[in-house]
Amino acid sequence: MPAVRTQFVCQQCGGASPKWAGQCPTCNAWNTLVETAAAPRTASRPGSAARAVAGATAIIPIGAVESAEASRLASGLAEVDRVLGGGFVPGSIALFGGDPGIGKSTLLLQVAALLAGRGLPVLYVTGEESAAQIRGRAERVGAVVDNLHLSATTELETALAAIEAATPALAIVDSVQTLTSAELAGPAGSVGQVREVAARLAEAAKTGGACVALVGHVTKEGTVAGPRTLEHLVDAVIYLEGERLGATRLLRAAKNRYGSTDEVGVLEMRGDGLAEVEDPSRFFLESDEAPSAGAAITIALEGTRPLAVEIQALCAPAGYGSPRRATTGIDVNRVLMLIAVLARHAGLNLTGHDVYVNVAGGLRIDEPAADLAVAVALASSMRERPVKPATAVAGEVALSGRLRAAVRAERRLLEATRLGFERVITGPGRSSGEGQIKGLVVARDVGEALRLALEG
Ligand code: TYD
Ligand code: MG
């Protein structure tokens with residue numbers, strides 16, 4: 001085997017240097033340089049030049065190119081397929097990231113069983129758990145089926161050989177942090193190894209035409225093995241998220257070369273694996289009881305799907321020093337902006353109060369249409385007045401205090417009506433119909449919306 005040219009790559013920032021040093025010259029972190037194969041393997045391969053020449057003649061009419069849609073491999077688990085954009089794409093590699101213990105292995109084993117059950121060969125490469133452990137989980141989730149094969153190894157080369165031998169429709173590799181290439185010196189999980197594992201699996205997917213699902217644990221910093229080490233090597237990055245103790249799991253794409261990154265899948269961890277949530281909207285509503293002060297319900301649009309979401313706020317008298325502002329599931333800067341707008345345009349002064357804002361159910365909301373729900377929840381908590389019954393809100397708040405209708409307000413109203421809401425308060429805009437549509441209540445500014453939304 002020819003000696004591989006190596007360089008030293010920082011585990012923190014990914015910066016490379018030709019020589020080892022105690023401190024990374026790029027980001028100044030200490031003891032982070034690890035020996036790594038220097039050039040991407042494909043570039044240094046003998047024969048790649050010849051392939052490039054051959055490639056120049058491979059010109060095909062666009063109409064003759066097979067579309068990825070046609071060959072997509074739907075898993076049969078609708079929430080997973082939704083996030084993937086319709087299913088796995090043959091020849092591509094998708095990274096499934098998430099905290100340890102969140103359910104990545106469970107989810108992929110279930111997907112494996114569904115595909116194998118339809119007669120498709122599936123290979124599950126496990127570097128993390130023994131084959132016996134996987135078998136134990138498989139019994140729990142009903143995945144002891146024909147056509148599903150296991151390979152327990154921590155060597156990348158063995159895993160690649162297994163994939164080549166089994167020619168699976170789907171190869172699951174669990175996990176990127178436990179495989180090592182014999183050609184590199186770094187330990188399992190180091191940036192160098194993780195990159196090499198992902199790059200060579202991506203290559204194997206392309207040449208063999210399999211779909212590869214690669215599992216990656218998320219570190220404390222919230223990324224898989226150092227920031228941006230893997231994202232550009234894979235075709236899709238799917239995160240499985242959720243609160244440790246809760247059963248809800250959200251599946252969302254952070255990157256998807258073959259689909260949108262807006263869709264979210266909702267799953268629930270049960271005793272026999274992850275189950276699809278039948279009515280996610282109802283699922284995220286905290287309870288069916290009358291609303292309490294400090295809570296407002298909005299209809300968020302996650303991708304193409306409307307979801308009813310409860311926004312909770314707590315305004316509590318602050319101690320000395322600057323008051324606290326903390327949020328979960330929503331951008332804190334957006335909340336700071338809304339606090340300022342409320343002070344200036346709705347006579348609601350929060351300077352003496354600590355403010356906490358929370359999106360119920362572990363969801364994360366990024367769209368401006370959630371503004372009004374945050375504003376209403378804050379005012380509701382501050383004035384100790386609940387939102388009127390059967391009322392939801394959705395609209396964007398401008399710095400001037402004016403409101404704008406949420407995009408696709410009718411779609412949201414429809415969902416609200418389905419869930420038993422009688423009105424949705426929103427702002428003026430083309431899609432809000434200016435009061436033409438029954439159930440849509442249009443408020444000009446945030447002050448008017450608060451008067452319409454709150455009791456008393
Ligand atoms: P796992 O898939 O091993 O997580 P990951 O691969 O992301 O590390 O899931 C582990 C957790 O899921 C574990 O705490 C037990 C729980 N679980 C269930 O609640 N029900 C089940 O049917 C299974 C298989 C696991
Ligand atoms: Mg696992």
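Counting begins at 1 with the first residue of the sequence. As the structure lists them, so they are numbered: ligands from 1, and atoms in each ligand from 1. Model, not experiment: these values are computed from the prediction.
No more than 12 heavy atoms of other residues, nucleotides or ligands shown are found within 6.0 angstrom of CZ on Arg404. Taking a 6.0 Å sphere around CZ of Arg257, one finds it holds more than 12 heavy atoms contributed by other residues, nucleotides or ligands. The neighbour count for Gln133 CD, taken as heavy atoms of other residues, nucleotides or ligands under 6.0 Å away, is above 12. Under a cut-off of 6.0 angstrom, the local environment of CD in Glu157 is crowded, with over 12 non-hydrogen atoms contributed by other residues, nucleotides or ligands.
Taking a cut-off of under 4.0 Å to the non-hydrogen atoms of Asp272, the atoms of ligand 1 that pass are 22 (O).
The pair Glu79-Arg82 meets the salt-bridge criterion, since a charged nitrogen lies less than 4.0 angstrom from a carboxylate oxygen. Between Glu268 and Arg270, at least one side-chain nitrogen of the basic residue sits less than 4.0 Å from a carboxylate oxygen of the acidic one, meeting the salt-bridge criterion.
When heavy-atom distances to ligand 1 are checked against a 4.0 Å cut-off, Pro100 comes that close only through its backbone atoms N, CA, C and O. Looking at Arg137 against ligand 1, only its side chain comes within 4.0 Å, counting heavy atoms.
Closest heavy-atom approach to atom 16 (C) of ligand 1 among the candidates Glu129, Met269, Arg270: Met269. The heavy atom nearest to atom 24 (C) of ligand 1, considering only Ile134, Leu109, Thr106, is found in Thr106.
Residue contacts with ligand 1: Ser105 is placed with a nitrogen or oxygen under 3.5 Å of a nitrogen or oxygen of the ligand (distance criterion only). The distance criterion of under 3.5 Å between nitrogen or oxygen atoms is met by Arg140 with respect to ligand 1.
Side-chain N or O atoms of Thr207 include one that pairs as donor or acceptor with a backbone N or O of Glu203 at under 3.5 Å.
Within the structure, ligand 1 has Gly271 among the residues with a heavy atom less than 4.0 angstrom away.
For the Mg ion (ligand 2), the N/O/S atoms of Ser175 include none lying under 2.8 Å.
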